[in-house]
Amino acid sequence: MEVATKKTPLQKEIARRRTFGIISHPDAGKTTLTEKMLLMGGAIHEAGEVRANKSRRHATSDWMDMEKERGISVTSSVMQFEYEGCKINLLDTPGHKDFSEDTYRVLTAVDSVIMVLDHAAGVEPQTEKLMEVCRMRNTPIITFINKLDRDGLPPLDLLADIEETLGIQAVPFNWPLGMGRLFRGVYNFQDETIQRYQKGAGPQNTVLETENVEERIETLMGSGAEDLLFEIDLLSEAGATFKKADYLAGKQTPVFFGTALNNFGIKQMLNTFVTIAPPPQPRQTTTRTVQPQEDDFTGLVFKIQANMDPRHRDRIAFVRVCSGEFTRGMTVRHHRLNQDLRINNATMFMAQEREGVTSAFPGDIIGVHNHGTIRIGDSFSIDEPLWFTGVPSFAPERFRKVQLNDPLRAKHLAKGLKQLSEEGAIQVYRPLKGSAFILGAVGELQFDVTVDRLKNEYNVDAQLVGVNIAAARWVEADDPSVMQAFERRFQNDLYHDGAGDLAFLTYSSWYLNRTMEEWDAVRFKSTKEHVPDAVAHD
Ligand code: G4P
């Protein structure tokens, strides 16, 4: 007989934590869904609060304006709310103009993801890219197909699109009864009930019907009922069945249909989310796996937000608590610098305000103020030398060449770019032959930020010009002679990144693929881990 062991307070806190992000293509409904979830969790009290932040962020046309609004994007970077006894941390994944390498990195700090699709559009490019990042860690994904109050693609086609484009099995938990003007609600596969949608009825727009379901569908759907009942039968009998283990392994995604704007289908999804989504998971270090329930605090930096106060070069490092309890005033070991750090001023992110943290648990995010001493990937623990992996740099997708307007500022330019690349704001490449600076980014805004920060923080007046580069990969090989041959062959296409690692930059992804096929003894890496020598050799 199994002896029931009582959970410690730490274990209880871990069990009720859910840390997740939302992936979507712009305009699919991420902001609307976020807002509805925060309302349900009581973290905000009025519709429109999240939307107001978003429009302030996106209505701004240049970076200086965004700079002024930076406080807003920081407060909405992590939102914590309570739902059904769970403490939920929702990490913002910047998506519109502010899509950047940070968007990818945030996904390395979550335990699961909700994917929002617009049912008129299906899977769109940005979702595909974000999904690739989720796949690196087999992150579990719940899918919400949005905007059923509008006309869109047939639901069976959407499931096929998810399976084919994203390579993940789609298991519908509910099925739409019509769409657009004819949207009448959803059929729930789990308990064979109907959730009826009453348009314009505000919060009371959902009516649960449990009796005579088939007849009710016939009445609600009229001539469309026959096809619909056939689909429901087909999926119930021949469709994939939900297996939690497959969901947790990132192989299967539960799918919900609804409309975020009309607050329909969200509660059902959220109820499933708190039941099946994983609590904080163990995390890998270079030496061992750290379990969240270990007594000692450990934490990992996955994002740096700069310039909270430009006069002070103020930065906030976003630290995910990986194990143990964090308490205010705690002294932790900063392993890269081999220094102790007393954290008196940690910030806990709430929906509307930043609150001083007194304690935080695995899955929570704390913000640590610093003046440029903390970098992405930095790991903290109480004592044991540990270095977390899994928060890499991602191969850039856009490139620019730096042109300095005043040649006398060359040294300052080099210094500024070095610091910005160390911080993770931009990637900097220098050719093996020549002295140009090539910048690499995932999102366009990263370039604007770089020019602006060079000017304001380093007094360097630079401009960025187009360059004929379209793809980059870090390269390495086990056999030094292969690497030498590769370097000889591609001396004009090879660069050192900010950390001195070798990268192959080329003008087309076609040429990249061809080179990869030809040089199969060379590893072409689209991500790169940061492991400082000091810790790696401990
Ligand atoms: P995003 O964060 O993913 O970019 O999307 P967001 O929530 O901002 O939604 C994009 C647009 O789609 C918004 O309209 C929003 O109101 C609308 N929308 C979101 N969910 C639904 C839905 O379930 N049904 C319908 N019909 N529309 C939905 P907008 O006109 O761009 O903004 P706004 O004027 O409504 O603020």
Side-chain angles (χ1 to χ4, degrees), residues 20-40 43-44 46-60 66 69 72-73 75-79 90-100 102-103 106-107 113-131 141-153 155 158 174-186 195-203 205-206 255-270 351 443-445:
F20 81 107
I22 300 182
I23 60 173
S24 67
H25 194 81
D27 285 333
K30 187 185 76 167
T31 311
T32 313
L33 180 67
T34 302
E35 187 156 281
K36 294 296 185 311
M37 289 197 288
L38 294 181
L39 278 166
M40 275 181 203
I44 57 169
E46 253 177 73
E49 288 183 26
V50 180
R51 176 153 303 284
N53 286 350
K54 175 183 161 176
S55 38
R56 251 175 287 173
R57 273 160 73 184
H58 300 295
T60 50
M66 277 190 82
E69 302 296 346
I72 293 164
S73 62
T75 45
S76 60
S77 291
V78 182
M79 293 155 273
L90 168 52
L91 274 54
D92 186 33
T93 42
H96 278 250
K97 263 176 62 180
D98 45 0
F99 181 69
S100 68
D102 272 346
T103 316
V106 165
L107 291 177
V113 149
I114 291 180
M115 170 168 76
V116 185
L117 301 180
D118 177 339
H119 96 129
V123 179
E124 295 176 88
Q126 208 166 92
T127 312
E128 258 185 278
K129 279 192 196 170
L130 296 170
M131 183 74 184
I141 294 168
I142 290 179
T143 303
F144 186 76
I145 299 188
N146 191 25
K147 305 195 188 182
L148 262 291
D149 60 322
R150 287 203 187 151
D151 286 329
L153 300 167
L158 285 162
N174 67 20
W175 200 247
L177 307 176
M179 64 173 79
R181 277 188 313 111
L182 300 177
F183 182 54
R184 298 288 178 261
V186 290
Q195 220 111 34
R196 199 149 53 75
Y197 170 62
Q198 303 201 110
K199 190 167 185 274
N205 67 8
T206 303
V255 177
F256 292 86
F257 290 85
T259 147
L261 190 64
N262 299 291
N263 206 351
F264 184 88
I266 299 177
K267 193 163 198 267
Q268 191 196 6
M269 178 186 65
L270 211 48
E444 213 48 47
L445 184 73

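Atoms within each ligand, like the ligands themselves, are counted from 1 in listed order.
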Self-check item: Sub-4.0 Å atoms of ligand 1 with respect to non-hydrogen atoms of Ala260
Solution: 23 (O)
Between [X] and ligand 1, which residue portion shows a heavy-atom distance shorter than 4.0 Å: side chain, backbone, both, or neither?
{"X": "Thr259", "answer": "both"}
{"X": "Asp149", "answer": "side chain"}
{"X": "Arg150", "answer": "side chain"}

Self-check item: Any N or O of Leu33 closer than 3.5 Å to N or O of ligand 1
Solution: no
Self-check item: Leu261-ligand 1 polar pair, N/O distance under 3.5 Å
Solution: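 Yes, at least one N or O pair falls under 3.5 Å.
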Exercise. Please report the closest heavy-atom contact between Ser24 and Val116, naming both atoms and the distance.
Key: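 Minimum heavy-atom contact is CB-O, 3.4 Å.
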Quiz item: To the nearest 0.5 Å, what is the distance between CG (Asp27) and OG1 (Thr32)?
Solution: 9.0 Å
Quiz item: Between Lys30 and Ile23, is there a donor-acceptor pair closer than 3.5 Å when you use the side chain of the first and the backbone of the second?
Solution: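 Side chain of Lys30 to backbone of Ile23, a donor-acceptor pair under 3.5 Å: no, none is there.
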Self-check item: Short side-chain to backbone donor-acceptor contact, His119 and Thr259, under 3.5 Å
Solution: no
Quiz item: Should one rank Leu148, Thr31, Ile23, Asp27 by closest heavy-atom distance to atom 10 (C) of ligand 1, which comes out on top?
Solution: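 Considering heavy atoms of Leu148, Thr31, Ile23, Asp27, the nearest to atom 10 (C) of ligand 1 sits in Asp27.
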Quiz item: Looking only at non-hydrogen atoms, which of His119, Lys147, Lys30 approaches atom 18 (N) of ligand 1 most closely?
Solution: Lys147
Practice problem: Kindly write out the residues that satisfy side-chain hydrogen bond (donor to acceptor under 3.5 Å, both in side chains) with Thr143, not counting sequence neighbours, or none if the list is empty. | Solution: Thr253
Practice problem: Keeping to residues at least two apart or across chains, list the salt bridge (charged side-chain N to carboxylate O under 4.0 Å, His left out) pairs with something in residues 114-125. | Solution: Asp118-Lys147
